[in-house]
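As structure tokens, the structure follows; a few thoughts come after it.
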There are 2 protein chains.
Amino acid sequence: MNNNATDKDGLNILQRADISKTPQRLAVLNILLKSTTPLNVSCVRELLTGKNRIDRVTVYRILSLFKQRGIIREITSTGGVNFIEMATQENPVHPHFSCRSCGMLSCLEPLTFSQSHQLISAKEDYSVDHIEINISGICSGCRNATMLQKQSGKGEQ
Amino acid sequence: MNNNATDKDGLNILQRADISKTPQRLAVLNILLKSTTPLNVSCVRELLTGKNRIDRVTVYRILSLFKQRGIIREITSTGGVNFIEMATQENPVHPHFSCRSCGMLSCLEPLTFSQSHQLISAKEDYSVDHIEINISGICSGCRNATMLQKQSGKGEQ
DNA sequence: ATTATAGTTGCAACTTAGTTGCATTTTTGT
DNA sequence: ACAAAAATGCAACTAAGTTGCAACTATAAT
Ligand SMILES: [Mn+2]
Ligand SMILES: [Mn+2]
Ligand SMILES: [Zn+2]
Ligand SMILES: [Zn+2]
């Protein structure tokens with residue numbers, strides 16, 4: 001979602017979703033559009049600095065609206081913090097990798113419908129509207145850090 | 001995990017895991033063994049009534065130990081509440097269904113290794129140690145309730 | 001231009017999940 | 001029975017997320 005997003009993109013998205021375009025909503029949208037990884041609410045707020053600072057509650061309300069209108073999707077990550085990412089045509093639902101050590105969340109290759117379809121053996125009387133595949137472990141950054149530590153003689157965490 | 005679990009099962013599990021057997025740990029273990037669905041910490045505590053009541057912190061510490069020793073596994077559910085279930089040979093990792101309306105979490109059919117394997121296109125430099133597949137929507141109970149409401153002339157929520 | 005109306009924001013207060021430090025109690029090994 | 005080690009309970013805390021309400025802002029009608 002990073003490819004040189006402009007303010008116009010944000011305006012268009014709000015317009016298409018029939019949402020009134022306030023500076024706060026545009027600010028949040030621009031942050032999400034610019035980000036290369038899913039963000040949690042704290043991260044979004046840290047990026048809303050200076051003139052763009054927005055009350056915590058407002059951020060939650062904006063995100064809740066965006067989610068309801070299908071503009072963003074939520075990623076339920078281990079560790080009790082929810083992440084969000086843009087939900088566009090070019091960014092279909094996909095698995096995520098969450099690092100146990102640093103908490104980083106990154107996107108993995110999307111599944112085709114047929115691939116994901118076969119793993120839903122939900123009883124027929126459930127109506128499915130969302131699938132999350134969350135994979136966790138240790139990211140390359142953290143693994144390298146640990147290796148360096150071991151080489152320099154220090155013990156495990 | 002419901003099939004007539006006895007106190008002996010709990011003792012055996014603790015023994016095999018080389019964990020000292022305290023009444024608190026046995027009480028938690030017995031609740032998990034008896035439950036037919038994954039439980040969250042609040043549920044576990046509600047079931048620890050009377051003589052068996054245990055401090056909230058102790059419950060967290062016990063569960064954290066059980067998880068570390070592979071006795072239980074955690075299910076990261078939508079809504080910020082984590083669920084737990086017994087992690088035994090006969091109960092391999094499997095997808096879960098979480099109802100958006102009532103919050104109920106239920107177990108779905110397990111995936112074979114080859115099935116789950118193909119959906120992990122993690123970059124090679126990540127080390128994967130956990131996969132969660134969470135499916136959410138509306139459970140049959142809630143759907144029926146909604147239908148009855150509609151029939152009796154009331155509107156949607 | 002004035003005013004009514006609905007929608008949006010910010011603030012304060014609250015709830016709930018989970019954690020940390022420390023004193024007291026219980027297990028366990030001798 | 002006893003000492004060391006481990007486990008528990010309590011109080012206090014953090015962090016995510018929610019609710020109610022008053023103030024503000026855009027819009028639409030007069
Ligand atoms: Mn993603
Ligand atoms: Mn299960
Ligand atoms: Zn990491
Ligand atoms: Zn339900």
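Chain naming here is simple, since letters A, B, ... match the order of the sequence lines and numbering starts at 1 in each.
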A:N82 side chain near D:dG17 phosphate (N/O to OP1/OP2, under 4.0 Å):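 Answer yes for this pair, as a side-chain N or O of A:N82 is under 4.0 Å from OP1 or OP2.
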
In whole angstrom, what separates [X]'s [atom1] from [N]'s [atom2]?
X: B:F83; N: C:dG18; atom1: CZ; atom2: P; answer: 10 Å
X: B:R45; N: D:dG9; atom1: CZ; atom2: C1'; answer: 11 Å
X: A:L39; N: D:dA16; atom1: CG; atom2: P; answer: 14 Å
X: B:K21; N: D:dA6; atom1: NZ; atom2: P; answer: 15 Å
X: B:Y60; N: C:dG21; atom1: OH; atom2: C1'; answer: 18 Å

- request: For B:S106, enumerate each residue passing the side chain to side chain donor-acceptor pair (under 3.5 Å) test, keeping only those at least two apart in sequence or located in another chain.
  value: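 Counting only residues at least two positions away or on another chain, B:S106 forms a side chain to side chain donor-acceptor pair (under 3.5 Å) with A:Y126.
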
Would you give me the side-chain donor-acceptor pairs under 3.5 Å for residues 45-67 of chain A, sequence neighbours excluded?
| residue | atom | partner | partner atom | Å |
| --- | --- | --- | --- | --- |
| A:R45 | NH1 | A:I54 | O | 2.7 |
| A:D55 | OD2 | A:V57 | N | 3.0 |
| A:K67 | NZ | A:E74 | OE1 | 2.5 |

- prompt: With side chains defined as the heavy atoms from C-beta onward, is the minimum distance between A:I13 and A:L29 less than 4.5 Å?
  reply: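 Yes. Closest side-chain heavy atoms under 4.5 Å.
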
Between the protein and nucleotides 5-14 of chain C, list every N/O to N/O distance that falls short of 3.5 Å.
| residue | atom | partner | partner atom | Å |
| --- | --- | --- | --- | --- |
| C:dT8 | OP1 | A:S20 | OG | 2.9 |
| C:dT8 | OP1 | A:R25 | NH1 | 2.9 |
| C:dT8 | OP1 | A:R25 | NH2 | 3.2 |
| C:dT8 | O5' | A:R25 | NH2 | 3.4 |
| C:dT9 | OP1 | A:T22 | OG1 | 2.6 |
| C:dT9 | OP1 | A:Q24 | OE1 | 3.3 |
| C:dT9 | O3' | A:Q24 | NE2 | 3.0 |
| C:dG10 | OP2 | A:D55 | N | 3.3 |
| C:dG10 | OP2 | A:T58 | OG1 | 2.9 |
| C:dG10 | N7 | A:R61 | NH2 | 3.0 |
| C:dG10 | O6 | A:R61 | NH2 | 2.5 |

Identify all side-chain donor-acceptor contacts of residues 132-142 of chain A below 3.5 Å with residues at least two apart in sequence or on another chain.
| residue | atom | partner | partner atom | Å |
| --- | --- | --- | --- | --- |
| A:E132 | OE1 | A:T76 | N | 3.1 |
| A:E132 | OE2 | A:T76 | N | 3.4 |
| A:E132 | OE2 | A:T76 | OG1 | 3.1 |
| A:E132 | OE2 | A:H130 | NE2 | 3.3 |
| A:N134 | ND2 | A:T76 | O | 2.6 |

- prompt: With sequence neighbours excluded, what pairs up with A:Q68 under the side-chain contact (heavy atoms from CB on, under 4.5 Å) test?
  reply: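 A:Q68 satisfies side-chain contact (heavy atoms from CB on, under 4.5 Å) with no other residue.
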
- prompt: What residues, two or more places apart in sequence or in another chain, satisfy ring pair (Phe, Tyr, Trp, His ring centres under 6.0 Å) together with A:H94?
  reply: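 Listed in chain order: A:H96.
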
